Number of protein chains: 2
Amino acid sequence: MNKLPEKTIGRLSEYRRTLLNCLAKGKTHIYSHELASLHNITPVQVRRDIMLIGYSTTLKKGYDVKALIDVIGDIIDTEDGLNAAVIGIGNLGKAITAYFNGKRSKLRIVATFDVNPDKTNRVISGVKCYAMADFEKMVKDLDISIGILTVPPEEAAQVTERLIMSGIKGILNYTSTSLNVSPNVYLEEYDMITSIEKVAYFVKQQNKES
Amino acid sequence: MNKLPEKTIGRLSEYRRTLLNCLAKGKTHIYSHELASLHNITPVQVRRDIMLIGYSTTLKKGYDVKALIDVIGDIIDTEDGLNAAVIGIGNLGKAITAYFNGKRSKLRIVATFDVNPDKTNRVISGVKCYAMADFEKMVKDLDISIGILTVPPEEAAQVTERLIMSGIKGILNYTSTSLNVSPNVYLEEYDMITSIEKVAYFVKQQNKES
DNA sequence: TTTTTATTGTTAATCAATTAACAATGTTTA
DNA sequence: TAAACATTGTTAATTGATTAACAATAAAAA
Ligand SMILES: NC(=O)c1ccc[n+]([C@@H]2O[C@H](COP(=O)([O-])OP(=O)(O)OC[C@H]3O[C@@H](n4cnc5c(N)ncnc54)[C@H](O)[C@@H]3O)[C@@H](O)[C@H]2O)c1
Ligand SMILES: NC(=O)c1ccc[n+]([C@@H]2O[C@H](COP(=O)([O-])OP(=O)(O)OC[C@H]3O[C@@H](n4cnc5c(N)ncnc54)[C@H](O)[C@@H]3O)[C@@H](O)[C@H]2O)c1
């Protein structure tokens with residue numbers, strides 16, 4: 001199961017989210033065209049993604065929701081799960097920490113870090129906040145391999161250095177500074193302003209047409 | 001300047017963010033390879049994107065930072081700017097509203113909306129929060145064309161209906177429910193769990209290799 | 001001044017992602 | 001039961017995005 005396209009991984013995660021919903025609603029099977037329309041994509045795309053992960057159904061009643069969830073889990077999750085930390089527990093960091101808690105069993109936010117002494121050594125949004133001074137130690141102790149970066153933009157580069165030095169293997173960067181990392185560290189960046197500017201551009205186009 | 005690829009629009013927004021930083025630091029010109037390395041992409045990609053928007057430089061000193069910012073602005077921004085609203089002013093909504101305020105002159109969060117009476121008719125994160133009861137009226141009065149959706153997932157579909165009915169033309173959906181909209185409304189979705197799961201997947205792959 | 005170097009703009013080639021097409025086959029209807 | 005239909009899995013074709021290649025040329029060096 002090596003080398004799935006990045007795009008496919010993203011969609012698998014989204015499928016699973018939807019499938020978990022279906023399961024909660026008592027739906028046991030789902031057609032490719034149903035899953036597709038729930039994600040605004042084509043049924044072929046769904047079938048192709050599912051083909052790539054090697055799942056297939058015998059019935060003509062669509063995919064078995066439970067089974068598909070498990071297969072996607074085998075792809076995305078590790079057996080023991082991975083531990084993540086939020087670095088910079090300000091507005092966004094708090095929102096993410098509070099939101100994430102308990103959503104996924106194989107992915108846990110086990111610590112947060114900050115430099116502000118008013119925040120450190122307390123539980124914030126349900127997770128203990130440690131001082132940055134203890135960062136390297138805690139990464140080891142808690143076996144943290146993923147960092148979610150929500151520090152101020154001007155701190156981002158310097159903090160990233162430390163994340164990498166401490167052995168963190170994946171970074172989700174929400175700061176508005178884009179980062180450079182060594183090739184053995186996976187970096188995912190997301191900038192909200194870019195998203196809203198994309199929306200704005202297409203709204204503008206729409207207005208022009210009419 | 002019609003029909004630029006969506007990917008290019010996203011990158012232009014990112015370039016501008018970087019260019020604004022450069023300008024603030026007093027840098028007046030920038031080479032394609034500099035801009036590229038700041039975004040972990042190739043210089044050709046940068047040059048191609050810039051070619052597509054019709055900007056070109058005469059000097060061999062790289063692009064004029066100020067001029068390029070303006071050209072990107074001509075593409076992305078509208079002359080009078082666009083107004084956005086945040087719907088659901090909880091943890092995430094508050095973080096976004098506080099963060100966004102004043103970041104872009106041609107894009108403004110002019111209102112927030114909520115159903116919780118403790119939140120309505122107050123200023124939250126610097127912006128007035130209105131009751132959902134007033135939604136349609138305020139969209140008209142304030143000329144809101146973009147909605148940023150941060151309500152609970154189970155409310156998302158129903159609220160979206162209302163956004164569209166009220167004439168909103170672009171939606172940025174941060175809820176974990178994926179939405180269906182009519183083709184004349186632009187929808188951008190972002191799910192944090194998908195992002196972190198992508199990171200987890202690639203960390204897992206990395207671990208397997210070593 | 002001439003040569004070398006560095007950089008852009010652009011076309012062509014490559015690579016990646018999506019979609020179309022369709023055979024295979026289980027399910028439903030007549 | 002036979003025919004019609006619906007659905008999957010997969011290959012081939014198409015579309016889209018990125019990268020390579022390189023001519024043109026300004027700037028710097030010789
Ligand atoms: N709030 C949003 O919705 C939003 C949206 C997009 C991007 N961002 C980005 O996310 C980041 C955080 O935004 P925010 O609104 O939460 O800001 P914030 O100021 O509320 O939080 C930043 C936190 O980081 C801590 N911090 C500062 N320096 C640190 C360091 N060196 N190490 C560890 N912690 C440190 C601060 O004490 C604070 O708690 C910013 O880079 C911002 O650009 C935020
Ligand atoms: N917090 C995060 O970092 C995060 C991350 C990813 C996704 N999300 C998604 O964003 C959404 C909001 O998350 P949150 O953590 O801010 O939740 P929250 O509960 O803190 O905030 C939700 C807000 O929406 C309001 N609301 C409820 N029903 C409404 C309605 N019908 N119309 C208008 N407002 C309504 C509530 O009063 C509340 O203020 C959720 O859908 C969640 O899945 C949040």
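Only a predicted model underlies this, so the values are computations on that prediction, with no experimental measurement involved. Every chain is numbered from 1 and lettered A, B, ... according to where its sequence line falls, protein lines coming before strand lines.
For A:Y63 and A:H29, the ring centers are positioned 6.0 Å apart or more. Aromatic rings from A:Y130 and A:F135 are positioned such that their centres are separated by 6.0 Å or more.
A straight line from CG of B:L52 to C1' of C:dT11 spans 13 Å, rounded to a whole angstrom. Whole-Å rounding puts the A:L59 CG to D:dC5 P distance at 22 Å. To the nearest angstrom, P of C:dA16 lies 12 Å from CD of A:E6. Following rounding to the nearest Å, A:K60 (NZ) and D:dA4 (P) show an atom-to-atom distance of 19 Å. The CG-P distance, from B:L68 to C:dT7, rounds to 17 Å in whole Å. Between the C1' atom of D:dG16 and the NZ atom of B:K7 lies a distance of 9 Å, rounded to the nearest Å. In this structure, B:H29 atom NE2 and C:dT7 atom C1' are separated by 13 Å, rounded to whole Å. In this structure, the CD1 atom of A:I50 is 8 Å from the P atom of D:dG9, given to the nearest Å.
Under 4.0 angstrom from either OP1 or OP2 of D:dA27 there lies no side-chain N or O belonging to B:Y31. Contact check, A:K61 against C:dT28: a side-chain N or O comes under 4.0 Å of OP1 or OP2. For C:dA21, neither phosphate oxygen OP1 nor OP2 lies less than 4.0 angstrom from any side-chain nitrogen or oxygen of A:R47. OP1 or OP2 of D:dT8 lies within a sub-4.0 Å distance of a side-chain N or O belonging to A:S32.
Using a 4.0 Å heavy-atom criterion, one finds that A:T8 contacts no nucleic acid atom at all. Among the protein residues, A:P5 comes within range of the sugar-phosphate backbone only, with heavy atoms under 4.0 Å from sugar or phosphate atoms but none that close to a base.
When the nucleotides D:dT19, C:dT7, D:dT7 are ranked by their closest atom to the side chain of B:Q45, D:dT19 comes out on top. Among C:dG9, C:dA17, C:dT7, the nucleotide with an atom closest to any side-chain atom of B:Y63 is C:dG9. When each of D:dT18, D:dG9, C:dT18 is scored by its nearest atom to the side-chain atoms of A:S56, the top-ranked nucleotide is D:dG9.
Looking at A:R48, its side chain comes within 3.5 Å of the base of C:dT19 through a donor and an acceptor atom.
The residue among A:V44 and B:M51 whose nearest nucleotide of DNA chain C lies closer to the 5′ end is B:M51. Each of A:R11 and B:H33 lies near DNA chain C, and the nucleotide nearest B:H33 is the one positioned closer to the 5' end.
For the pair A:K198 and A:F202, the NZ or CZ position fails the cation-pi test of under 6.0 Å to the six-membered ring centre and within 45 degrees of the ring normal.
Taking CD of B:E197 as the start and CD of A:E188 as the end, the distance is 11.5 Å to the nearest 0.5 Å. To the nearest 0.5 angstrom, B:L38 atom CG is 6.5 Å from B:C22 atom SG.
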